[in-house]
Amino acid sequence: MNFSTIFAGVTIIPVATLDDPQQAVRVAQTLATAGIRAIEVTLRTPRALDCIRAIVDALPDVIVGAGTVLTPQQMDAARNAGSKFLVSPGASQRLIDAARSGQHAWLPGIATPSEAMLLSEAGFDHLKFFPAEPAGGTSFLKAVAPVLPDVKFCPTGGIDQSNVASYLALPNVFAVGGSWIIPRNV
Ligand code: 3PG
């Protein structure tokens with residue numbers, strides 16, 4: 001399934017770093033109640049995969065993905081846990097090959113035009129722009145829009161309520177990601 005289909009109507013992808021499956025379900029439920037139907041759970045805690053599985057089981061309408069995917073093994077494990085999409089901070093040839101052979105809905109990260117061109121050539125036209133603010137923010141995205149017309153970006157990294165609207169206003173942005181949206185103390 002491609003990103004346009006998975007993220008139809010979704011413009012915010014909350015990034016959650018969680019280590020408790022019950023808390024994960026509560027966070028995803030709170031977001032869903034607020035109308036935010038997607039969540040990216042980073043693979044940065046020991047129980048991240050259990051958190052993904054718990055959300056998938058409890059909230060089948062929520063679009064759950066795995067973030068900080070660094071290896072092909074993590075791709076497989078995240079898919080087996082029920083992840084509908086996979087996100088990486090960058091890209092490697094191993095990940096490119098694994099995403100292709102596993103037909104994963106994979107959002108690789110880029111921070112330069114050359115990285116975007118290489119991934120576009122490899123068949124990936126939806127890319128994470130990371131880390132968005134340190135790497136040039138909306139100025140970068142405006143500058144690459146005319147030269148990379150077929151690429152859509154999900155900027156992530158340093159985005160919050162003060163700048164999210166300026167990213168979402170750009171035609172080459174299909175969604176934004178970030179941890180600022182995760183409710184505290186739930
Ligand atoms: C991450 O993987 O942690 C994301 O890039 C989130 O970045 P943020 O905390 O700056 O929103």
Side-chain angles (χ1 to χ4, degrees), residues 3 6-7 10-21 23-24 27-28 30-32 34-52 55 62-75 77-79 81-92 95-96 98-99 104-112 115-116 119 124 126-141 144 151-170 172-186:
F3 274 95
I6 293 171
F7 289 115
V10 170
T11 55
I12 303 277
I13 305 174
V15 177
T17 298
L18 303 161
D19 200 26
D20 174 350
Q23 184 202 16
V27 168
T30 304
L31 291 167
I36 298 171
R37 296 188 296 116
I39 185 166
E40 173 190 328
V41 178
T42 69
L43 300 185
R44 300 204 291 251
T45 68
R47 299 200 69 196
L49 291 171
D50 292 332
C51 291
I52 290 170
I55 299 169
V62 170
I63 304 158
V64 191
T68 324
V69 174
L70 302 178
T71 66
Q73 292 75 17
Q74 286 179 318
M75 282 183 157
R79 281 293 298 274
S83 303
K84 294 189 178 64
F85 64 97
L86 308 172
V87 185
S88 298
S92 68
L95 286 172
I96 289 170
H104 300 315
W106 180 49
L107 195 60
I110 66 97
T112 69
E115 292 163 0
L119 283 159
F124 299 92
H126 284 64
L127 306 176
K128 172 174 177 166
F129 172 41
F130 177 80
E133 281 289 293
T138 54
S139 301
F140 174 95
L141 292 164
V144 298
V151 179
K152 298 290 178 205
F153 295 96
C154 177
T156 307
I159 299 177
D160 59 25
Q161 63 263 37
S162 72
N163 56 11
V164 61
S166 60
Y167 281 96
L168 286 174
L170 300 177
N172 58 346
V173 168
F174 72 95
V176 301
S179 60
W180 92 95
I181 199 87
I182 301 295
R184 305 284 171 203
N185 305 318
V186 294

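Order of appearance sets the numbers: ligands from 1, and atoms from 1 within every ligand. Throughout, residue positions are numbered sequentially from 1 according to the sequence presented. Bear in mind the structure is a predicted one, so any value in this text is a computation, not a measurement.
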Just by modelled atom types, is the Gly158 backbone N or O under 3.5 Å from a matching donor or acceptor in the Asn163 side chain? yes
Taking atom CG of Asp50 and atom CG of Leu18, what is their separation to the nearest 0.5 Å? 12.0 Å
Using 0.5 Å steps for rounding, measure from the CD1 atom of Ile13 to the SG atom of Cys154. 4.0 Å
Working to the nearest 0.5 angstrom, can you tell me the gap between Ile36 CD1 and Thr30 OG1? 10.5 Å
Atom CG in Leu86, atom OG1 in Thr68: separation rounded to 0.5 Å? 11.5 Å
Taking any residue with a non-hydrogen atom under 4.0 angstrom from an atom of ligand 1, which ones do you get? Val15, Arg44, Lys128, Phe130, Thr156, Gly157, Gly158, Gly178, Ser179
Nearest-0.5 Å distance that lies between atom CD1 in Ile110 and atom OG1 in Thr112: 6.0 Å
